[in-house]
Amino acid sequence: ASVKQQPTALKFALNGMNQDRDCLKAAGLFDEKYDTLASNNAARIVLSTKFSLGEKTTAYATEVALQMKAKSFFEAKVVYSPNVWDKSTCDPKWTNIDHPCQGTPVTCGKHIFSKDNVPIEHKCCWRSSFHYQLTKAKKTGGFMVQVAEFDDIAQDHVLGNGQQIETELAEQVG
């Protein structure tokens, strides 16, 4: 109930509840129209943000996703926010830039897709899932939005390691 009033509080949920579908819906982060819009080939917008649903993370990406969902421009579009999907990885460090995975069947050790060629949540590597979403965005006339957070130590806006990988994936997809 608290996430309805303060959606960013979801990052403090324990035992996987921070990515529980019902909790994500209550927080306003999971789009109930996602499947319908996706099946109609609506333009896909892919977010590239730092992970924001962990206790020691900032809530900035969650706030950006919520603000985007509130804008009428995005109503008829599929907005893919990777933070709300539970994924796996073939990279033991998750965001090792030097890991060979490029999200393709040839490079990924967990390129686990359904018979309809859709990434299987909980099993598929996040890089394969992200590559898939970027490909869908390209085919539907969509695009990627990358959010760089301000880093107090660097005194600059910086991308996380995962976002740097997502940039490389976007360059591959074109």
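Scope of the values below: all heavy atoms of this structure, side chains included, with no hydrogens, waters or symmetry mates.
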Between [atom1] on residue [X] and [atom2] on residue [Y], distance to nearest 0.5 Å:
X	Y	atom1	atom2	answer
W94	C125	CH2	SG	7.5 Å
I97	N161	CD1	CG	4.0 Å
T49	E166	OG1	CD	7.0 Å
K71	K77	NZ	NZ	14.0 Å
S48	Q164	OG	CD	10.0 Å
L159	H157	CG	NE2	10.5 Å

- Crowded around K123 NZ? As in, over 12 foreign heavy atoms under 6.0 Å?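 Check fails, neighbour count at 12 or below.
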Practice prompt. Please indicate whether Y60 has more than 12 foreign heavy atoms, meaning atoms of other residues, nucleotides or ligands, lying under 6.0 Å from its OH.
Written response: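 Not more than 12 within 6.0 Å, no.
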With distance as the sole test, does [X] use its side chain to make a donor-acceptor pair with the main-chain N or O of [Y] at under 3.5 Å?
X	Y	result
K50	T58	no
H99	C90	yes
K136	V46	no
D20	D22	yes
E121	W85	no
Q146	Q163	yes

**Message:** Between K110 and S88, is the side-chain hydrogen bond (donor to acceptor under 3.5 Å, both in side chains) condition met? List the steps.
**Reply:** CA-CA 8 Å; K110 285 195 171 189; S88 187; 2.9 Å; yes
Can you check whether [X] reaches [Y] side chain to side chain, under 4.5 Å on heavy atoms?
X	Y	result
V173	M144	no
R21	F30	yes
K138	F143	no
V145	V64	no
D31	K69	yes

Work out which heavy atom in [X] is nearest to a heavy atom in [Y]; give both atom names and the distance.
X	Y	result
L169	Q102	CD2-O, 3.1 Å
N96	D91	N-OD2, 2.7 Å
A65	L47	CB-CD1, 4.1 Å
A9	V3	C-CG1, 4.3 Å
Q19	D86	OE1-OD1, 3.6 Å
C101	R127	O-NH1, 3.1 Å

- Task: Would you please indicate yes or no on a ring centroid separation below 6.0 angstrom for F51 and W126?
- Result: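 No: the rings miss the under 6.0 Å criterion.
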Cationic tip of R44 above Y80 ring, under 6.0 Å, 45° of axis: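 Not satisfied by the 6.0 Å and 45° rule.
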| Pair L10-L29, side-chain contact (heavy atoms from CB on, under 4.5 Å): steps then yes or no | CA-CA 10 Å; L10 190 56; L29 291 169; 4.1 Å; yes
If hydrophobic clusters are built by linking Ile, Leu, Val, Met, Phe, Trp and Tyr wherever their side-chain heavy atoms come under 4.5 Å apart, do [X] and [Y] end up in the same one?
X	Y	result
V147	L53	no
L66	V78	yes
L14	M17	no
V84	V79	no

